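See below for the structure under consideration.
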Number of protein chains: 2
Amino acid sequence: MIDYPLNRFTDMAALSDAEQKRLRSLGDTPILYKRAATIRAEGDPAPCIYLMLEGWVLASMVLPSGARQVTKVHLPGDILGTPSMALTSAAETLTALTDCLVAPVPLTRMRDLFVDHPRLAALFLMAVQIERIALMDAMAAMGKTDARKQIITFILDLHDRLARLGKAPGGAFELPMTQEQIGEKLGMTSVHLNRSLRVLDAEGLLTRTGRLVRLNDIETLRGLSQLPRRQLRTDPEWLPESREWGGPARDG
Amino acid sequence: MIDYPLNRFTDMAALSDAEQKRLRSLGDTPILYKRAATIRAEGDPAPCIYLMLEGWVLASMVLPSGARQVTKVHLPGDILGTPSMALTSAAETLTALTDCLVAPVPLTRMRDLFVDHPRLAALFLMAVQIERIALMDAMAAMGKTDARKQIITFILDLHDRLARLGKAPGGAFELPMTQEQIGEKLGMTSVHLNRSLRVLDAEGLLTRTGRLVRLNDIETLRGLSQLPRRQLRTDPEWLPESREWGGPARDG
DNA sequence: CGGGGCTTTGATTGTAGTCAAGAAATGTGG
DNA sequence: CCACATTTCTTGACTACAATCAAAGCCCCG
C-alpha cells in the first residue's frame, strides 16, 4: 500500500475504493535511485514496469551511430518502462535525473489487473494512448518547427505537468537537465540549444537562474507553442463498470 | 464475421477459436473509402476505432502554422484511430491513400472485449505499445539522422511490414505516396526529399520506376538504417489465460 | 582552492529550406 | 483515344538554420 499520485487514472475517471486500493497495492516497496543511476538499460530484460513516486527520470535510446535520443522526461505519477512490455528486452534506458523513488510492478501482477479489473486495464490503456499522443506531438514539433518554438513547447509541457502536481509555483521550476540532455530530447546540439535559450532569455520570455526556469509570460508562450491543447476524455461511456471486488488483495 | 488479418495479435500469442471468432466479429461491416477520401478529420468526434482490411491510410496532424506532420502510414491489419480513444475529439486526420476497406469498431464494443477477454485486451495493449515504439524510433531517426538514412529507415520499415503480408515480392512494392507526403512523414521538404532519393537511386541502393520502389541491396540498406531491430515478446508469461467463452457472440 | 563538468561564445562549414520554373506524369472530359 | 488541365517531380540558384570545432569562462563539489 504505497502513497502514489493516481492522477494518471483519476484524471480520466472516478475510482472506487477497491480500485484505489488495488492501484496502491500494485507496486512493490519503492526503491530509491540516486541521481545519475541507471534504473534499467536498453537491452536489459524487462520483467516489470515502474510506478514513479518522486523525482525526474529520463527515458532514452542510443542509435548505432552513438547518438542518444531522449524519448521522454518522466515526472512523479508517470508509469515507466511500459513500451518494453511487448518486447523481449527493454527498448529504452531509464536514468535518474535526480534522486528518485520508483515502485516496480512485476508484469505478472499486471495480468491479474487485466483479469480482475477491466476498468483499470482500460484506464491503463488510455494512459498509454496519452503517452503515444505526446510522442506524436513531440515528433510534429521536431519535424515542423524551429528550435525556438520547440524549446517553448518543451518547457511549457513540463510546466503544465509540474503545475498539475503543484510543483511550479508562480510559473517557475527547477529543471534538473543539462543542456546536452535537453538537446538530446529536442533533436538539436547543445550549442544550438544554448544559443536559442539565450535568445528566449533576451526576449524576456523566460528567465534562467542556474537550473531554475521562470516563464515570464505564459500566455504569449502558449500562443507561440505550435501544439494543439489536447482535451482528455473524462469518464468515457465505453469504460467498463467499477468492480467492488477485484480478486484477493495481495497484502492481506 | 469478417476476414481480417489478425497478425497484430497472432504475432504475439496463439489465439483460441473463441478469441479468433471474437476478433473477427469485432468490427462492423467494412466500409470502402475511395482514394483521397478523409475517413476522419482531426477534431471530429471519435466514437470508434477502425480495423483495416485493405489499402493504405495516412494518419496526420496539422500544426497552427499550417504545416502537416504525417504520424503514421497504416497498412492492412493495422488498427486505426486508437490514440483518440483517450480524447474528446480525434487527434489525427485519417486519409485514404488508395481505395481502402476499414471496419469501424464502436468503442462500446471495446468495453465488452476488456470485460470478456482480458487476454485479448492485453494483446491489444501490446499492439499499442508496439505503435508507441515505432513512434519513438521515428522520432530518433528524425532527431539524430540525416535525410538519406532517414529515407532508408522509412522504406525499409514499409518493406518489412509489406513483406510480412506477402506484398513485397522480390523486395519491390508500390508506394502510393507523393514525395510531398513522404516529406511530411520524415520532417523534410519535398525538394530535399527528392534530391536525397535521387542520390540513393544513383548509388544503386534503390530503384524507382513511377511509384514502384525496388530495394536492390537489402542487407546494405539494413546496415545503413539507424534503428535497432526490435524483437517482439511472443507469448509473454504475464498474458492472461485464454477464455473459451467470452460473452455472447454479437451476430449469433 | 583545485578540478571536472557545464555553459557560453566565436568562426566556419554544411545540410536543408526557399523560391522559382520547366518537364513529366496523371487524370478528365469530349 | 486524344487533348487539355492539374498534379507531381525535377532541377537550379540562393539563403538560412543548425552542426561542428575549438576555446574560454563559470560553477559546483569535494
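Lettering follows sequence order; numbering is per chain, from 1. All of these numbers come straight from a predicted model, not from anything done at the bench.
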* Sequence-aligned protein contact record of nucleotides 11-24 of chain C, with B where the base is within under 4.0 Å of a protein heavy atom and S where only the sugar-phosphate is -> B----BSBB-----
* To the nearest Å, give me how far apart CG (A:L197) and P (C:dT8) are. => 8 Å
* side-chain hydrogen bond (donor to acceptor under 3.5 Å, both in side chains) partners for A:E174, two or more places apart -> none
* **Results of salt bridge (charged side-chain N to carboxylate O under 4.0 Å, His left out) for B:R24 - residues two or more places apart only** => B:D3
* Structure fact -> Residue set satisfying side-chain hydrogen bond (donor to acceptor under 3.5 Å, both in side chains) with A:S89, at least two apart, ordered chain then number -> none
* Quick one: do the A:T82 and B:Q129 side chains pair a donor with an acceptor below 3.5 Å? -> yes
* Asked: Bend angle of the helix from C:dC1-D:dG30 to C:dG30-D:dC1 from five-pair axes at both ends, rounded to 10°?
  -> 50°
* **Any pair counted as salt bridge (Lys or Arg N to Asp or Glu O under 4.0 Å), so long as it reaches residues 48-65 of chain A, sequence neighbours left out** => A:E54-A:K167
* Please check if any side-chain donor atom of A:N216 sits under 3.5 Å from a side-chain acceptor atom of A:T207, or the reverse. => yes
* With sequence neighbours left out, write down each residue that passes side chain to side chain contact (heavy atoms under 4.5 Å, CB included) with A:A37, or none if nothing qualifies. => A:Y33
* Could you check how far CD of A:Q179 sits from C1' of C:dT9, rounded to whole Å? => 12 Å
* Provide the full list of salt bridge (Lys or Arg N to Asp or Glu O under 4.0 Å) pairs with a residue in residues 89-104 of chain B, sequence neighbours left out, each pair given once. => B:K34-B:D99
* Sorted by first residue and then second, give each salt bridge (Lys or Arg N to Asp or Glu O under 4.0 Å) pair with at least one member in residues 55-77 of chain A; sequence neighbours left out. => A:K72-A:E131
* Asked: So how far is it from B:T95 OG1 to B:I39 CD1, rounded to the nearest 0.5 Å?
  -> 7.5 Å
* Using the heavy-atom set of chain A and a strict 4.0 Å cut-off, write down the first and last nucleotide of DNA chain D that makes it in, 5' to 3'. => D:dA18 to D:dC21
* **Residues from residues 61-75 of chain B lying under 4.0 Å of DNA chain C - heavy atoms** => none
* **Sequence neighbours excluded - salt bridge (Lys or Arg N to Asp or Glu O under 4.0 Å) pairs with any residue from residues 139-159 of chain B** => B:R148-B:E203, B:D157-B:R161
* Asked: With no hydrogens and no angle check, is any side-chain donor or acceptor of A:Y4 less than 3.5 Å from a backbone partner on A:G77?
  -> yes
